[in-house]
Amino acid sequence: MIKKINANELKKYVNEEIEYSGFVDTIRDKKWVQFVILRDETGIVQMTIEKSEEKNREMVDLISNLTLESTVKVKCKVVENEQVKLNGIELIPSEIIVTSRRDGELPFNFNDLDNVNLDTRLDNRFIDLRNAKNMKIFMIQSSLVQYMREYLYNNNFMEIHTPKFIGAASESGSEVFEVKYFDRKAYLAQSPQFYKQMAMASGMNRVFEVAPCFRAENSNTSRHATEFMSFDVEFSYINSYQDVMNMESELLAYAFNKLKDKWGSEIKEIFNQELIVPTLPFPQMKLKDVYQELEERYGYKVPESEKNDLTTEAEKLVYRLAKDKFNHEFMFITDYPAEKRGFYHMRDENGVLQGFDLIWRGVEITSGAQREHRYSNLSKNAKEKGLGEDVKFYLEFFKYGCPPHGGFAIGIDRITMLLLNIPTIKESMFLFRGPNRLTP
Ligand code: ATP
């Protein structure tokens, strides 16, 4: 195995000869000694070179001529030294190899981003991410997804990979990206919904996928991107959408608990956010009761035309309501009218949708539902929505036996943004894609 020793694990190597690689973060060239701060994604470490020692002459010259942000590979001894402020250890090198040299001026100082325009930062994301706080966002996001996956693997789920090119703009038409596909048109998948359900019809029983979704929405909000990472889950043999909500609550509680152990104190220190592990079960309310209570408690009156969905302002107030009424940060909203939702969601005999949204910290992070698995009902719902040929292939999935099932999708970029109190989704994605951004 090719092992790379990181800055945060050097303590384990005290008195050992090792190889360390990183960026040159800072050089303090003193009269008798050079202090070189080296950096990797986990932190920084001091390398100390005594100028008076003859054997160090070449290294001293090399450092004197080295530009910051170059990268080096160092053969060195890890030494304990109480006087070193950085973790009480230093690297004493015997050989330094410059593995790449920084040429030219950096586009901005990534240690001081307050005065740098966000677009400039995103244009130069490879520099922007050298900022220690920005780097942390993605280390934490990686752990979050790891723990979410872990929960599902522990519960007999399998990970699948569904195509992103699709032949028909099926789900909701208007928000789909069209692409040239040889001599015909193809579309980019808005969600893996149909294929997750195909997996249920195939007998896969429990599946998930972590993959991009594409939405041609020309919306410039702090929480929408045209391409985002969706954590999609679907599973069979459920009794109702309550099972789906339970599964999601348990998954989030598990992942947050693990995340708190690993990153809780850094989330507090660096992002000034308390990571609260949610208690089970999560509270839930019906949409109409939410509106009634928002009016009674906070004087919020929903415009008649928007009553069938949760408005952005109501989403914010739901966070307040969840805390005031249930002492919880999450809230499931149920009983949406069916017209607002996909034809594939199950409805009860009164037309009430057997699905939910999950609101966390004032923003929707999930939609989920029990799906309609009965061929005749599904065909009828599709017809009512005016969907014909385009969904024919999908309807076929349900003709030959398909267990009752349901699932949900969590927006990874959104949940990261809320977890770390980041002002916009542009910064909680590795690379943002929006109506006006396709680069780098
Ligand atoms: P919204 O109403 O916020 O636009 P939606 O109802 O279209 O979202 P769904 O299709 O239900 O969203 O998608 C499930 C989840 O995927 C959402 O709860 C959200 O976390 C995430 N998501 C949806 N659209 C976007 C987007 N454009 N950018 C980032 N994340 C998104």
Side-chain angles (χ1 to χ4, degrees), residues 141 144-145 148 162 164 169-177 188-197 208-234 241 244-245 248-249 251-252 255 282 287 306 308-316 318-319 330-334 336-345 353-371 406-420 422-438:
Q141 183 179 76
L144 173 66
V145 175
M148 287 166 68
T162 68
K164 304 306 155 203
S170 42
E171 252 196 79
S172 63
S174 60
E175 294 166 359
V176 73
F177 282 109
L188 295 180
Q190 290 168 283
S191 95
Q193 185 59 34
F194 287 0
Y195 300 116
K196 284 195 299 183
Q197 292 190 261
F208 74 100
E209 177 172 30
V210 193
C213 291
F214 303 91
R215 304 270 169 103
E217 301 169 277
N218 198 355
S219 48
N220 293 288
T221 73
S222 60
R223 57 185 202 287
H224 286 97
T226 49
E227 175 177 351
F228 64 92
M229 201 43 73
S230 179
F231 194 103
D232 257 274
V233 176
E234 200 77 19
Y241 67 108
V244 183
M245 291 194 285
E248 180 170 16
S249 320
L251 179 150
L252 288 172
F282 289 12
L287 182 66
E306 303 198 57
N308 288 340
D309 212 343
L310 208 56
T311 62
T312 307
E313 200 181 341
E315 276 184 14
K316 290 202 183 97
V318 161
Y319 181 36
F330 289 85
M331 184 132 82
F332 284 116
I333 314 288
T334 66
Y336 285 89
E339 350 37 290
K340 278 274 170 187
R341 297 299 169 111
F343 71 96
Y344 48 83
H345 288 175
L353 188 91
Q354 302 296 289
F356 59 88
D357 277 356
L358 178 59
I359 313 296
W360 185 43
R361 296 184 171 169
V363 179
E364 178 208 310
I365 56 163
T366 289
S367 285
Q370 174 163 13
R371 322 297 185 188
F408 55 88
I410 304 178
I412 290 299
D413 320 287
R414 261 196 210 175
I415 201 172
T416 306
M417 171 180 92
L418 300 167
L419 178 73
L420 303 177
I422 297 167
T424 156
I425 200 165
K426 294 178 181 178
E427 294 181 72
S428 68
M429 315 184 71
F430 177 65
L431 280 173
F432 171 71
R433 287 290 179 259
N436 301 313
R437 181 166 286 281
L438 270 173

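By convention here, the first residue in the shown sequence is residue 1. Whatever order the structure lists them in is the order used to number ligands and atoms, beginning at 1.
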- Message: Does any N or O of ligand 1 fall below 3.5 Å from an N or O anywhere on Gly411, backbone included?
- Response: yes
- Query: Is it true that Gln190 lies under 4.0 Å from ligand 1, counting heavy atoms only?
  - Reply: no
- Item | side chain to side chain donor-acceptor pair (under 3.5 Å) assessment of Ser428 paired with Asp413 | CA-CA 6 Å; Ser428 68; Asp413 320 287; 5.5 Å; no
- Query: Mind checking whether Phe208 and Phe231 have parallel, tilted or perpendicular rings, split at 30° and 60°?
  - Reply: parallel
- Note on the structure: The protein heavy atom nearest to atom 27 (N) of ligand 1 is Ala225 O, 2.9 Å
- Message: Below 4.0 Å from ligand 1: does a non-hydrogen atom of Ser230 turn up there or not?
- Response: no
- Message: Measuring from non-hydrogen atoms of Thr366 to any atom of ligand 1, is the shortest distance under 4.0 Å?
- Response: yes
- Query: Between Thr416 and Gln141, does any side-chain donor sit less than 3.5 Å from a side-chain acceptor?
  - Reply: yes
- Query: Any idea which part of Arg414 is under 4.0 Å from ligand 1, heavy-atom wise: side chain, backbone, both or neither?
  - Reply: side chain
- List every atom of ligand 1 that sits less than 4.0 Å from any heavy atom of Arg223, numbering the atoms from 1 in the order shown and giving each element. 28 (N), 29 (C)
- Would you kindly specify which portion of His224 sits under 4.0 Å from ligand 1, judged on non-hydrogen atoms: side chain, backbone, both or neither? both
- Task: For the residue pair Phe343 and Phe194, categorise the inter-ring angle as parallel (less than 30°), tilted (30 to 60°) or perpendicular (more than 60°).
- Result: perpendicular
- Measure the distance from atom 7 (O) of ligand 1 to every protein heavy atom, then report the residue, atom name and distance (to 0.1 Å) of the closest one. Arg215 NH1, 3.2 Å
- Message: Is it the case that the side chains of Glu217 and Thr226 hold a donor-acceptor pair, with the cut-off being a distance below 3.5 Å and no angle test?
- Response: no
- Item | Sidechain-backbone polar pair: Arg414 side chain, Glu364 backbone, donor-acceptor under 3.5 Å | yes
- Message: My understanding is that only one of Glu234, Gln354, Gln197 makes a side-chain hydrogen bond (donor to acceptor under 3.5 Å, both in side chains) with Arg371; could you say which?
- Response: Glu234
- Query: Where is the nearest protein heavy atom to atom 14 (C) of ligand 1: which residue, which atom, and how far?
  - Reply: Ala409 O, 3.9 Å
- Parallel, tilted or perpendicular: rings of Trp360 and Phe330 (30°, 60°): parallel
- Note on the structure: The closest protein heavy-atom partner of atom 11 (O) of ligand 1 is Ser367 OG, 2.6 Å
- Residue portion contacting ligand 1 (non-hydrogen atoms closer than 4.0 Å) for Ile425: side chain
- Item | Interatomic spacing from CG in Leu418 to OH in Tyr319 - rounded to 0.5 Å | 9.0 Å
- Message: Using the rule given for salt bridge (charged side-chain N to carboxylate O under 4.0 Å, His left out), can you reason through Glu209 versus Lys164, listing the C-alpha separation, both sets of side-chain angles and the distance that settles it, and then say yes or no?
- Response: CA-CA 12 Å; Glu209 177 172 30; Lys164 304 306 155 203; 3.3 Å; yes
- Among all protein non-hydrogen atoms, which one is nearest to atom 20 (O) of ligand 1, and what is the separation to 0.1 Å? Ile365 O, 2.9 Å
- Task: Do me a favour and list the nearest non-hydrogen protein atom to atom 16 (O) of ligand 1 with residue, atom name and distance?
- Result: Phe228 CE1, 3.4 Å
- Provide, to 0.1 Å, the distance between atom 17 (C) of ligand 1 and the closest protein heavy atom, together with that atom's residue and name. Glu364 OE2, 3.3 Å
